[in-house]
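Lettering of chains follows the sequences in order, A, B, ..., and the numbering in each one begins at 1. From a predicted model like this one, the values you see are computed outputs, not experimental measurements.
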Protein chains: 2
Amino acid sequence: MSTSRPSPARTSRGPRPASIARVPGIDYDVLDTLLGYALRRAQIAAFDQFYRATAGYGITPPRFTALVILGANPGVSQTALAAVLGIARSGAMQLTDWLVGRKLAERRARADDGRAWGLYLTRRGAALAAELKRRVRAQDARLGARLTAAERRALLRLLDRVAE
Amino acid sequence: MSTSRPSPARTSRGPRPASIARVPGIDYDVLDTLLGYALRRAQIAAFDQFYRATAGYGITPPRFTALVILGANPGVSQTALAAVLGIARSGAMQLTDWLVGRKLAERRARADDGRAWGLYLTRRGAALAAELKRRVRAQDARLGARLTAAERRALLRLLDRVAE
DNA sequence: GGAGATTGTAATGCTATACAACAATCATCG
DNA sequence: CGATGATTGTTGTATAGCATTACAATCTCC
């Protein structure tokens, strides 16, 4: 991989993703023209919405993503999950442990590959996933409340291009 | 805090696997329609660019931001810096320690307030800030390489609205 | 002058990762 | 078939970036 990077700022967990308010009297210099900085601020707002939507469930973005992915792709391996999340396999394992520990997912042996597990949502996990999807979707809509439908679509498309 | 080490990373920061590739054969379900998820992926790409731009300097996004802010606002307090970064005061202190330890910034007593420090870039810090701004700006442009100037502007504006 | 707020700090802890090393298993190919 | 190498999950270790709490020094305001 590429170079190293320390660690992302607060991507995942976080008690209170304090939103970043513009501090009056401060000159932001070049920051105001950087796509990266604008992205960071927008994402902080997004985290904020996310935590609001999932408060009380102990859910983090990666956990939510995992629930959705398991729901839509029954039987995925931990390695595939790691790839989707963009994290190391060991991380995917801990994440899976967490889900399994709460009886939201389970590991089933696979006939075709003795090394890998197949990951599945439990009934409880599926129910939670559905509930969270509802909440997150609603909150996500609120995130883009200041945008028209067309603007929202445009934003999604632009972001996709940036993410390549 | 050792010095920097090149290690790729993710999120906000840059941490993690440099980029989240779309995994073939995986159904992303609702994720594809969420603004929050699109933001996350775009930001991961942004982090990647950032780390590429600052490789070898041990710089992270918050550190870069601090350098820029100190440069444009000589004499700011640590509390103000914390507010700009959206982190706790204790975190701003550690960040400042790091900068001071590398002789990039210095704390000067303030005549008007005996409790607070005034933070300033050293000559070295100013030089580094200038160099990094150049690099980050260039890399940020690359981030939006797939966008026309108008699209880039539109994206910045939309992100700003989302961030509120 | 005193109550209360603010600033920087120290100490502690948690969380999310990463990385390296391993055993079990699979795949490939001679 | 058998050996070599890759892949999967796992464990163990390390780190970085915060947050929280508690404090002393200092400022503000009545």
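B:Arg161 has a carboxylate O that lies under 4.0 Å from a charged side-chain N of A:Glu151, or vice versa, which qualifies the two as a salt bridge. Between B:Asp140 and B:Arg152 there is a salt bridge, with a side-chain nitrogen of the basic residue lying less than 4.0 Å from a carboxylate oxygen of the acidic one. Taking a cutoff of 4.0 Å between a charged side-chain nitrogen and a carboxylate oxygen, A:Asp32 and A:Arg22 qualify as a salt bridge.
Looking at the side chain of A:Arg115, the nearest of the listed nucleotides C:dA5, D:dG12, D:dT8 is D:dT8. For B:Asp113, the listed nucleotide lying nearest its side chain is D:dC27; candidates were D:dG9, D:dC18, D:dC27. The side chain of B:Ile87 has D:dC18 as its nearest neighbour among D:dC18, C:dG8, C:dT17.
Spacing between atom CZ of A:Arg108 and atom P of D:dG9 amounts to 16 Å, rounded to whole angstrom units. In this structure, B:Arg107 atom CZ and C:dG8 atom C1' are separated by 8 Å, rounded to whole Å. Between A:Asp97 atom CG and C:dT17 atom P there is a gap of 14 Å when expressed in whole angstrom units. Per the geometry, CH2 belonging to A:Trp98 stands 17 Å off C1' belonging to C:dT17, to the nearest Å. The distance between atom CE of A:Met93 and atom C1' of D:dG12, rounded to the nearest whole Å, is 11 Å. Atom CG of A:Leu119 and atom C1' of D:dT10 are 14 Å apart (whole Å). In this entry the distance linking CG of A:Leu85 with P of C:dA16 reads 13 Å, nearest Å. We find that CZ of B:Arg40 is positioned 12 Å from C1' of C:dA16, with the value rounded to whole Å.
For B:Ser90 against D:dC18, no side-chain N or O and base N or O form a donor-acceptor pair under 3.5 Å. In terms of polar N and O atoms assigned as donor or acceptor, the side chain of A:Thr60 never comes within less than 3.5 Å of the base of C:dT15 in a complementary pairing.
Applying the 4.0 Å criterion to OP1 and OP2 of C:dC26, one finds that A:Arg110 has every side-chain N and O outside that range. A close approach under 4.0 Å does occur between a side-chain nitrogen or oxygen of B:Trp117 and OP1 or OP2 of C:dT9. Applying the 4.0 Å criterion to OP1 and OP2 of C:dT9, one finds that B:Gln94 has every side-chain N and O outside that range. Dashed line: the shortest gap from a side-chain N or O of B:Gln78 to OP1 or OP2 of C:dT9 is under 4.0 Å.
Taking each heavy atom of B:Ala72 and A:Asp29 in turn, the nearest pair found is CB-CB, 3.9 Å.
Both the sub-6.0 Å distance and the 45° axial angle are not jointly satisfied by A:Arg110 relative to the ring of A:Trp117.
Of the residues near DNA chain D, B:Ala88 and B:Gly114, the one whose nearest nucleotide (by heavy atom distance) lies more toward the 5' end is B:Ala88.
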